[in-house]
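Only one structure is covered here, and it is reproduced in the block below.
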Amino acid sequence: MPKDISFKREREKALVSQMIALYCKKKHHAKGGLCSECAALDAYARERSDKCPFMATKTFCSNCRVHCYKKDMREQIRQVMRFAGPRMVFHHPVAAISHVVETKKEKRRLEKEAGI
């Protein structure tokens with residue numbers, strides 16, 4: 001596996017883990033780690049990222065044409081993203097700003113491919 005893909009995969013896993021940790025701390029009042037539900041979601045998200053065949057070309061799972069999460073896990077990760085996403089700018093500003101920039105670039109690229 002090329003070095004840049006493994007770096008990208010690790011960066012994605014770290015970002016998702018940060019978001020889950022923020023969600024767990026604020027919603028489940030977990031101290032010193034994740035609650036069992038959030039730990040299971042984190043492990044699942046990391047496993048899905050490890051097995052992603054589109055890592056070389058995708059930016060984020062939300063932009064992917066194949067959604068590989070099980071329905072219940074997909075709903076859980078959506079809740080985490082909805083809650084943690086806007087708050088990331090206060091807790092991990094560089095990651096949050098980078099995410100916004102990459103999302104905008106991907107949106108433009110997809111629109112260009114679609115001929116919009």
Side-chain angles (χ1 to χ4, degrees):
M1 179 184 318
K3 188 176 180 180
D4 59 327
I5 295 172
S6 61
F7 173 77
K8 186 177 176 184
R9 190 179 307 272
E10 291 306 314
R11 189 180 65 173
E12 179 179 292
K13 290 191 297 188
L15 182 62
V16 170
S17 290
Q18 289 170 345
M19 294 179 87
I20 292 170
L22 176 60
Y23 177 85
C24 190
K25 182 179 178 183
K26 300 290 184 180
K27 289 287 192 169
H28 300 151
H29 309 291
K31 294 196 184 340
L34 300 175
C35 70
S36 60
E37 181 182 330
C38 290
L41 179 62
D42 186 54
Y44 183 81
R46 289 175 156 279
E47 177 188 348
R48 298 297 355 150
S49 184
D50 282 337
K51 294 181 178 182
C52 179
F54 303 108
M55 189 58 67
T57 58
K58 77 169 190 163
T59 51
F60 303 106
C61 293
S62 58
N63 295 333
C64 192
R65 62 185 181 274
V66 176
H67 295 291
C68 61
Y69 279 46
K70 291 186 279 185
K71 189 175 182 175
D72 61 326
M73 292 299 217
R74 188 169 179 199
E75 186 51 40
Q76 284 181 17
I77 202 71
R78 274 189 180 145
Q79 288 176 8
V80 166
M81 299 294 170
R82 219 175 280 131
F83 177 85
R87 291 163 178 82
M88 287 294 285
V89 76
F90 301 111
H91 297 274
H92 301 283
V94 174
I97 292 167
S98 173
H99 181 76
V100 169
V101 169
E102 287 184 45
T103 299
K104 297 275 186 196
K105 283 182 185 176
E106 180 68 2
K107 185 176 180 184
R108 276 189 235 118
R109 186 186 68 78
L110 292 172
E111 287 174 348
K112 188 176 179 180
E113 282 180 7
I116 296 174

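No hydrogens, no waters, no symmetry mates; every other heavy atom, side chains included, goes into these values.
- Applying the side chain to side chain donor-acceptor pair (under 3.5 Å) test to residues at least two apart or on different chains, none of the pairs has a partner in residues 26-40.
- Geometric assessment of R87 against the ring of F83 yields a positive cation-pi assignment under the 6.0 Å and 45° thresholds.
- C24 approaches C35 most closely through the heavy-atom pair SG-N, 3.2 Å.
- Distance check, rounded to the nearest 0.5 Å: NZ of K70 to CZ of R48 gives 9.0 Å.
- Taking each heavy atom of I20 and D42 in turn, the nearest pair found is CD1-CA, 3.6 Å.
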* Asked: Does the pair C52 and E12 meet the rule for a side chain to side chain contact (heavy atoms under 4.5 Å, CB included), with working shown?
  -> CA-CA 11 Å; C52 179; E12 179 179 292; 5.9 Å; no

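- Side-chain contact between Q76 and V80: absent, with no pair of heavy atoms (C-beta onward) separated by less than 4.5 Å.
- Under the 3.5 Å distance criterion, the side-chain polar atoms of Y23 are left unmatched by any main-chain donor or acceptor of Q79.
- In terms of heavy-atom proximity, P93 sits nearest to V89 at CB-O, 3.3 Å.
- The line from CE of M19 to CE of M88 is 5.5 Å long, rounded to the nearest 0.5 Å.
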* Asked: Do E75 and K71 pass the side chain to side chain contact (heavy atoms under 4.5 Å, CB included) test, and can you show the C-alpha distance, the side-chain angles, and the key distance before you say yes or no?
  -> CA-CA 6 Å; E75 186 51 40; K71 189 175 182 175; over 6 Å; no

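- A salt bridge links K51 to E47: at least one charged side-chain nitrogen sits closer than 4.0 Å to a carboxylate oxygen.
- For the atom pair CE (M81) and CD1 (I77), the distance works out to 4.0 Å, reported to the nearest 0.5 Å.
- No salt bridge links K8 with D4; every basic N to acidic carboxylate O contact stays at or beyond 4.0 Å.
- The shortest non-hydrogen separation linking V16 to A45 is CG1-CB, 3.7 Å.
- Here the closest non-hydrogen pair linking R74 and Y69 is CB-CB, 3.8 Å.
- Under the 4.0 Å criterion applied to side-chain N and carboxylate O atoms, D50 and K13 are assigned as salt-bridge partners.
- Annotation: side chain to side chain contact (heavy atoms under 4.5 Å, CB included) contacts of S98 (sequence neighbours excluded): E102.
- The pair R109-E106 meets the salt-bridge criterion, since a charged nitrogen lies less than 4.0 angstrom from a carboxylate oxygen.
- Rounding to the nearest 0.5 angstrom, the gap separating the NZ atom in K25 from the SG atom in C38 is 13.5 Å.
- Nearest heavy atom pair, residue A56 against residue I5, reads CB-CD1, 3.5 Å.
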